[in-house]
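What you see is a predicted model, and the numbers here were worked out from it, not measured in a lab.
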Amino acid sequence: MTKIIVQQRPFLTRPENFQGVSPLVAKILARRGVQSTQELELKLKNLLAPTMLGLPEAIELIDQAIDQHKKIVIVGDYDADGATSTTLMILALRAMGADVEYLVPDRFKYGYGLTPAIADLAFAKFTPDLLITVDNGISSHEGVKQAQDHGMQVIITDHHLTTKPTPQAEAVVNPNQLGCPFPSKALAGVGVAFYVLANLSSQRKKHGKSHINMAQYLDLVALGTYADVASLDYNNRILIDAGLQRIRQQQCRAGIIALLDIAKRDAASLTASDLGFVIGPRINAAGRMDTMDIGIECLLAETLEQAYPIAEQLTQLNAERRQVETQIKQDALTELEKIQLDHNNLPHALIMFEPHWHQGVIGIVAGRLKEQFHRPSIVFARDEDGIHIKGSARSIEGIHIRDAIELLAEQHPHLVSHFGGHAAAAGLTIQKQHFAEFKTQFEQLIAAMDQELFQAVLWTDGELDADEMNLNTVALLKNLSPWGQKFPSPVFEGRFKIVDFRWLKEIHLKLRVALSNGHIVEAIAFNAASKYDFNPMQDTVHLVYELDRNEFNGNISLQLKIIHLSQ
């Protein structure tokens, strides 16, 4: 087990800045860098103004294409952000009268982004006048040129990072492109698409043309943003909260209702994390195991009768994905055991490849390895051409994985064919013959970084007073949600006296612990048998936990959901 240090989160702003809220809430907000209590007002009117570079040009081109009945094709991406972005574009543009189709590359055949081959495919299939990318394209210089050579105009909408000049498209909308003044750099691809479409509709309304109310599509924006693990700054929290409210009221896509129903989740009590852990994986499974067209068609379905069979298919694909992922992770752990690694002599980066591994799930496996061993991890699978292998990278806090790959590519140009991504996740392609050299060089590059980064730290919001440990506090914290990336849900710590304990199915540990005010509360640690060394002879325990609301047989009580246990 990775040794974990428990520390309190530092204050990023001053708790005394927050007037009119409880001291507990003030500390939680200050530890997350919130600037003022205005950020608790998740109103659509508080969204950032549309100051993105390239936005006016993009709107003008799409506006003309609708009026002149030009053929538009959307080139999407094969994850949940790409699927929701594509669906959003199709629904909104068709509602405004556009002639529009979509195309999502087969990840196993074409790879990622607007490649020349995708431009050729779009031309052969649709002969469009205008090509719009969503959630991709910021690095697609050759693909843009190829599309233009076919006579298409090109608009890129994306959110991925780039350090290079943008492609020579007719318009590029990306808050992360060089020189863009838009204050939030955290929008997901679907958030960028939403801004483009909302402002297109506003412009058309001003000129008396067909337009729509974009609020009806906020369920898609919420799903794509959360599933893409976008940072939950104020702007993204507004978008997610608005979308969640629509889903809870079932004012959302039939496909989302069908997916929730099959997963036996109540839409009325949906949380943001359900978007990431219930719906998102099922949509993603289409792109990982088959084709993202299945996920998009589920979201495009107009009735529950249309949506259910596709939602069932997505659920089955997700089950297959989990099975394949479990096998690959087990293979990887077996390989680590062969070289007799333990947590005291781990390499600074875990880099693994087996020819039979499935390309669709290597990113998830890399994430699991990163979480278990607290090391940047890259997992490779065979490419169809037999010459290259494709890798998916996941990183720990403090190590920008995309920039690390770029640095290696600059130092050893022959080692990296293509790459792209974010600080926490990236994708890359290398030649199979260079795997051993890549592994050695990348490990050395990461090993040269600050050694403190390789110590796993579990950040908490400190100790709670016994009088704060109640259902009222649970409700108070729920009102501050949505929680997520860069806006983590509150986690507390404390030492407690054990009243009694029992094992559930010999795996999960159920505790009853005493508070300083004499109250007894229950605490549960899932999969504790494989995670913690619990000594029943000791009468106290140090817990890191979340406050939870437990409902059983009609009774509602406070429960501590244990994240970490030590004695």
Q: Could you go through Thr460 and Gln7, starting from their C-alpha distance and side-chain angles, then the distance that decides it, and tell me whether this counts as side-chain hydrogen bond (donor to acceptor under 3.5 Å, both in side chains)?
A: CA-CA 6 Å; Thr460 80; Gln7 291 185 2; over 6 Å; no

Q: Going by heavy atoms in the side chains, are Gln559 and Leu547 under 4.5 Å from each other?
A: no

Q: If you round to the nearest 0.5 Å, how far is NE2 of His374 from CG of Leu350?
A: 11.5 Å

Q: Any idea how Phe442 and Phe438 line up, ring-wise: parallel (<30°), tilted (30 to 60°), or perpendicular (>60°)?
A: parallel

Q: What distance do Glu354 atom CD and Asp331 atom CG have between them, rounded to the nearest 0.5 Å?
A: 7.0 Å

Q: Can you pull the salt bridge (Lys or Arg N to Asp or Glu O under 4.0 Å) pairs that have at least one residue in residues 405-421, sequence neighbours excluded?
A: Arg402-Glu406

Q: Residues in ring-ring contact (aromatic ring centres under 6.0 Å, His included) with His542, at least two apart?
A: none

Q: Before giving the answer on side chain to side chain contact (heavy atoms under 4.5 Å, CB included), spell out for Phe373 and Leu336 the whole-Å C-alpha distance, their side-chain angles and the decisive distance to 0.1 Å.
A: CA-CA 11 Å; Phe373 296 100; Leu336 289 174; 3.7 Å; yes

Q: Classify the ring geometry between Tyr545 and Phe492 as parallel (under 30°), tilted (30 to 60°) or perpendicular (over 60°).
A: tilted

Q: Answer with yes or no after comparing the ring centroid distance for Phe380 and Phe435 against a 6.0 Å cut-off, counting only values under it.
A: yes

Q: Taking the side chain as C-beta and beyond, is there a heavy-atom pair between Leu300 and Leu91 under 4.5 Å?
A: yes

Q: Rounded to the nearest 0.5 Å, what separates atom CD1 in Ile74 from atom OH in Tyr102?
A: 12.0 Å

Q: Side chains of Thr429 and Val416: closer than 4.5 Å at any heavy-atom pair?
A: no

Q: Side-chain contact test, heavy atoms from C-beta onward, threshold under 4.5 Å: evaluate it for Gln455 versus Ile4 and give yes or no.
A: no

Q: When rounded to the nearest 0.5 angstrom, what distance separates CD1 in Ile399 from CG in Asp450?
A: 9.0 Å

Q: I'd like to check Lys510 versus Glu522 (side-chain heavy atoms, cut-off strictly below 4.5 Å). Are they in contact?
A: yes

Q: Write out all pairs satisfying salt bridge (Lys or Arg N to Asp or Glu O under 4.0 Å) with one or both partners inside residues 290-309, taking only residues at least two apart or from two chains.
A: none

Q: Can you see which heavy atom on Gly191 is nearest to which on Val221, and at what distance?
A: CA-CG1, 4.5 Å

Q: With ring centroids as reference points, do His348 and Phe454 lie under 6.0 angstrom apart?
A: yes

Q: Quick one: side chain to side chain contact (heavy atoms under 4.5 Å, CB included) partners of Asp261, sequence neighbours excluded?
A: Tyr308

Q: So Thr86 and Leu103, side chain to side chain contact (heavy atoms under 4.5 Å, CB included) or not? Walk me through it.
A: CA-CA 9 Å; Thr86 303; Leu103 185 63; over 6 Å; no

Q: Taking everything shown except Glu142 itself, do over 12 heavy atoms lie less than 6.0 Å from its CD?
A: no

Q: Check whether any side-chain heavy atom of Leu511 lies under 4.5 Å from a side-chain heavy atom of Leu509, and answer yes or no.
A: yes

Q: Can you give me the closest heavy-atom contact between Leu275 and Leu223, atom names plus distance?
A: O-CD1, 3.8 Å

Q: Is it possible for you to check whether Arg237 lies under 6.0 Å from the centre of the six-membered ring of Phe487, through NZ or CZ, and within 45° of that ring's axis?
A: yes

Q: Partners of Arg9 by salt bridge (Lys or Arg N to Asp or Glu O under 4.0 Å), sequence neighbours excluded?
A: none

Q: How far apart are the closest heavy atoms of Leu244 and Ala222, and which atoms are they?
A: N-CB, 4.2 Å

Q: What closest approach, in Å, do Pro536 and Phe501 show between heavy atoms, and which atom pair accounts for it?
A: CB-CZ, 3.4 Å

Q: Give me the ring orientation class for His414 and His434: parallel if the planes are under 30° apart, tilted from 30 to 60°, perpendicular past 60°.
A: perpendicular

Q: Is there a side-chain contact between Pro488 and Arg32 in this structure, where contact means two heavy atoms from C-beta onward sitting under 4.5 Å apart?
A: yes

Q: Which heavy atom of Ala83 sits nearest a heavy atom of Ile283, and at what distance?
A: CB-CG2, 3.8 Å

Q: Got a sec, which pairs hit side-chain hydrogen bond (donor to acceptor under 3.5 Å, both in side chains) with one end in residues 385-394, sequence neighbours left out?
A: Asp385-His388, Ser392-Arg394

Q: Which atom pair, heavy atoms only, marks the closest approach of Ser269 to Asp274?
A: O-OD2, 4.4 Å

Q: Rounded to the nearest 0.5 Å, what separation is found between the OG1 atom of Thr303 and the CD1 atom of Ile257?
A: 13.0 Å

Q: So do the side chains of Val361 and Met289 get within less than 4.5 Å of each other, counting heavy atoms only?
A: yes

Q: Could you check whether the rings of His159 and His422 sit parallel, tilted or perpendicular, using 30° and 60° as the cut-offs?
A: tilted

Q: To the closest 0.5 Å, what do you measure between CD1 (Ile446) and OG (Ser395)?
A: 6.5 Å

